[in-house]
Amino acid sequence: MQELTTTRANALVDPVLHIWHGEVAAYLFLGGVVAGIMVLVGLSLLQRDDGGRSRHLALLPWSVPVLLSLGMLFLWMDLENRWNAFRFYLVFRPTSPMSWGAWILILVYPASLALAWRTTPAAIREAVRARIARWWEPGERALVGMGGWVDRHSRAVAWTNVIAGAGLGMYTGMLLGTLASRPLWNSAILGPLFLTSGLSTGAAYMLLYRLGDGERIRLARLDMGLIAVELALIAVWLIGLASGGSATRAAAWVLLGGPYTTAFWLLVVGFGLTAPLLAEWMERRGGHVPGRLAAVMVLAGGLALRWIIVFAGQHVGWSEAGVALF
Amino acid sequence: MSAKRYAMAVDTRTCVGCTACVIACKTENDLPDGYARNWITEIATGTFPSLDLTIRSERCNHCDDAPCVAVCPTGASWIGPGGIVLVDPDKCTGCKACIAACPYDARFVDPRTGTVDKCTFCVHRVENGTPTTACQDICPTESIHFGDLNDSDSDIARVLRTREHYTLLPDAGTTPRHYYLK
C-alpha cells in the first residue's frame, strides 16, 4: 500500500496537470491541415506545372495563410502573458521544440503565399494586378516583380512548401512528443502520427472543394492510404506505451480503460478513421455515399485526435503514474 | 575557489510537516493567494499495522539537467548564480512548456502577471549577504539544510557527506540538487 498526500493545490498543476486546453488542440489541428495542404499542393505542382488543375484546386492554397493565422490566434490566446509573444522572435533556442515551431511559421507564411500565387489562374492574377495598379502603383510593381520571381522558381517554391509543410506537420507532434515528463506524449511516434494525420486532414479539407473528377479520385485514394498508415501508427504507439515501464503503462491505461477510452476509440478510431475509410472504400466500389461525408469525418476525427491527446497526456505525469519517487 | 553550486537537503527524520516553510516562503516572496512554491508531501507505505510515514518539504529541485530550461522558447527559464534555476518574468510568455516539462510539477502561473513562478532558493537573499533561505530560517526542527556544495565546510556539504540521502524521480534523468536525508 502506498498513500500519497500533498498539501499543495496550485492552479493548472493540481490535482493533475491542466495547462493546455482546446486552444492548443485547435492550433495543432489547424497546423496539421495547413501542413497537409502545403505538402499535397506542393507535390502536385512538382508533378504538373502547366496549370492544368481545376479552378478550386488552383485557388484553395489561399486557405493556408488564413487557416494558419486562425491557428496562431488560438495559440496566442493560450499564452498567459500574451503581450510578450514577440519574445519568441528575439532568440532561437535549438533545444526548444516551441522555438523551432515559432521560426518554422516564419518560413511557412511566405512559402504558402508564393505557392498560392503560383497556382492562381492567370486571369485572376491579371485582374488582381490591374486592380492594385489603379490605386497603388509601387504595390503593383512589387507584385509583378515577386510574381515573376515565383513563376521562374516554381520548383523551388513547390519543394519549399513540401519541406516546410512536412516540418510543420511533424513539429505539431514533436511539441508534445519531446516532453519526457508526460509519458503519454513522450513517444517518437507522435511526430509521424501528427504528420500523417495532418496530410490526411489536409486531403480531406481539399476534398470539401469542387475538384475535378480525376483530382478527387486521386486525393480520396491517397487519403485511404494515409488513414491506414495513421491507424497503424496509433497501434504501434499504444503497443509501445502498454509494453513500457510503469509510467508509460499508466499512460496507456488512460486510453485503454481509463477516462479517455470511450472518447478516443469512438471519436478518433471509430468515427474519425475507420468510418471514413469504409466510406471511401464503398464509394470506390460504386456504393452510394453522401458527398463529402468521409472528408467531414476525417476532419472531425483529426480535431478529436489532437483534442484527446492534449487532454489525456496531462492526466498522467511521473508521480500520478505511481513511479517510485525515490 | 570554484564557483558556487547551491543545493538543499531536507531531513525526513525530523521534518514534521508543520508547513511553516510554506508560509514563510509565501510571505518572503509575496505569493498570490492559493499558490505555493513549496509544499508538504506525506507518503504512507506498508500494510496496517506495519506502516511507515515519510514527510517531506518539497520544492523545485533546481536540476543540473533542467528540462524546463531546455524547452523554454524565449530563454526566460535560465540557470542563475550558483546553478539556481530561475525564471525571468520579462521574457516569459506564459506558454507553459516549462510546466509540462517539469516532472516534479514544481511550477505554476502567477495569475497576477501571467508569468511562470517557482522556488528560487531565495536567490535575492543568498546572493546578497543572507546565507539562509526563508524556509530554512523558519523551520522549527532545523530540518532544512542549504548552502554551497563546492564549499566542503558548508552545512550542506557536511550532511550530504555524512548522511544517507536520495533525490526524487532519479529515473527522470534531471540530476536534482535537492536532496532528502534518510
Side-chain angles (χ1 to χ4, degrees), chain A residues 1-14 16-20 24 75-76 78-103 175-176 178-183 185 245-247 313-314 317-320 323-326, chain B residues 17 19 22 34-48 51 54 56 58 67-76 89-97 99-111 113-117 166-174 180 182:
Chain A
M1 188 277 291
Q2 173 166 309
E3 183 180 295
L4 194 140
T5 313
T6 171
T7 58
R8 186 186 64 188
N10 281 344
L12 301 181
V13 178
D14 297 312
V16 293
L17 190 75
H18 51 290
I19 49 169
W20 287 334
V24 171
L75 199 57
W76 183 75
D78 176 71
L79 297 179
E80 302 286 342
N81 192 19
R82 296 182 186 125
W83 303 114
N84 252 4
F86 71 93
R87 291 276 179 187
F88 282 107
Y89 296 105
L90 296 186
V91 64
F92 171 62
R93 300 196 27 99
T95 57
S96 165
M98 211 177 264
S99 186
W100 278 93
W103 286 101
L175 174 70
L176 303 178
T178 50
L179 290 166
S181 306
R182 309 294 149 194
W185 292 341
S246 59
Q314 297 175 81
W318 281 69
S319 44
E320 292 90 352
V323 174
L325 289 167
F326 50 89
Chain B
T19 70
V22 179
Y35 292 81
R37 288 182 181 178
N38 55 357
W39 59 94
I40 300 295
T41 297
E42 295 177 8
I43 302 174
T45 49
T47 309
F48 184 82
L51 294 169
T54 303
R56 289 195 300 250
E58 294 184 6
C68 52
V69 174
V71 301
C72 180
T74 65
D90 289 339
K91 291 183 181 173
C92 182
T93 63
C95 71
K96 297 164 282 188
I99 302 180
C102 174
Y104 307 100
D105 290 338
R107 293 171 163 239
F108 61 90
V109 175
D110 186 330
T113 59
T115 56
V116 169
D117 196 40
Y166 60 88
T167 57
L168 297 184
L169 298 174
D171 290 348
T174 57
Y180 293 91
K182 288 184 180 174

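From a predicted model like this one, the values you see are computed outputs, not experimental measurements.
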CZ/B/Phe48: more than 12 non-hydrogen atoms of other groups inside 6.0 Å
no
Verify the neighbour count for atom CH2 of B/Trp39: are there more than 12 heavy atoms of other residues, nucleotides or ligands below 6.0 Å?
yes
When heavy-atom pairs shorter than 4.5 Å are enumerated against chain A, which of [options] gives the highest number?
options	result
B/Pro73, B/Ala70, B/Gly114	B/Pro73
B/Gly94, B/Ala36, B/Pro111	B/Gly94
B/Gly46, B/Gly75, B/Gly34	B/Gly46
B/Cys72, B/Ala97, B/Pro67, B/Ala172	B/Cys72
B/Thr45, B/Ile40, B/Asn38	B/Ile40

Nearest heavy-atom pair of [X] and [Y]: which atoms, and what distance?
X	Y	answer
B/Cys102	A/Ser181	C-OG, 3.6 Å
A/Ser96	B/Val71	OG-O, 2.6 Å
B/Leu169	A/Trp318	CD1-CB, 3.7 Å
A/Leu12	B/Lys96	CD1-CD, 4.4 Å
B/Arg107	A/Val13	O-CG2, 2.9 Å

Working note: A/Asp14 + B/Phe108, criterion side-chain contact (heavy atoms from CB on, under 4.5 Å); need CA distance, chi angles, decisive distance, verdict.
CA-CA 10 Å; A/Asp14 297 312; B/Phe108 61 90; over 6 Å; no
Give a yes or no answer on whether the side chain of A/Arg93 reaches the backbone of B/Val69 with a donor-acceptor pair at less than 3.5 Å.
yes
Between A/Arg182 and B/Ala100 (side chain of the first, backbone of the second, donor and acceptor by atom type, cut-off under 3.5 Å), is there such a pair?
yes
Considering only heavy atoms, which portion of [X] lies under 4.5 Å from any heavy atom of chain B: side chain, backbone, both, or neither?
X	answer
A/Leu90	neither
A/Ala102	neither
A/Ala180	neither

Rounded at 0.5 Å granularity, tell me how far [atom1] in [X] sits from [atom2] in [Y].
X	Y	atom1	atom2	answer
A/Arg82	B/Cys95	CZ	SG	13.5 Å
A/Asn84	B/Thr74	CG	OG1	7.5 Å
A/Trp20	B/Ile99	CH2	CD1	9.0 Å

Between [X] and chain A, with a heavy-atom cut-off of 4.5 Å, which part of the residue counts as in contact: side chain, backbone, both or neither?
X	answer
B/Pro89	backbone
B/Val116	neither
B/Cys92	backbone
B/Thr19	side chain
B/Tyr104	backbone

side-chain contact (heavy atoms from CB on, under 4.5 Å), that's the test. Do A/Thr7 and B/Glu58 meet it? Break it down for me.
CA-CA 10 Å; A/Thr7 58; B/Glu58 294 184 6; over 6 Å; no
With A/Thr6 as reference, evaluate B/Ile43, B/Thr41, B/Asp105 under the side-chain contact (heavy atoms from CB on, under 4.5 Å) test and give the passing residue.
B/Thr41
Tell me, out of [options], who's got the most heavy-atom pairs with chain B below 4.5 Å.
options	value
A/Leu176, A/Thr178, A/Val91, A/Leu79	A/Leu79
A/Gly245, A/Pro94, A/Pro97, A/Ala11	A/Ala11
A/Leu175, A/Asn10, A/Leu179	A/Asn10

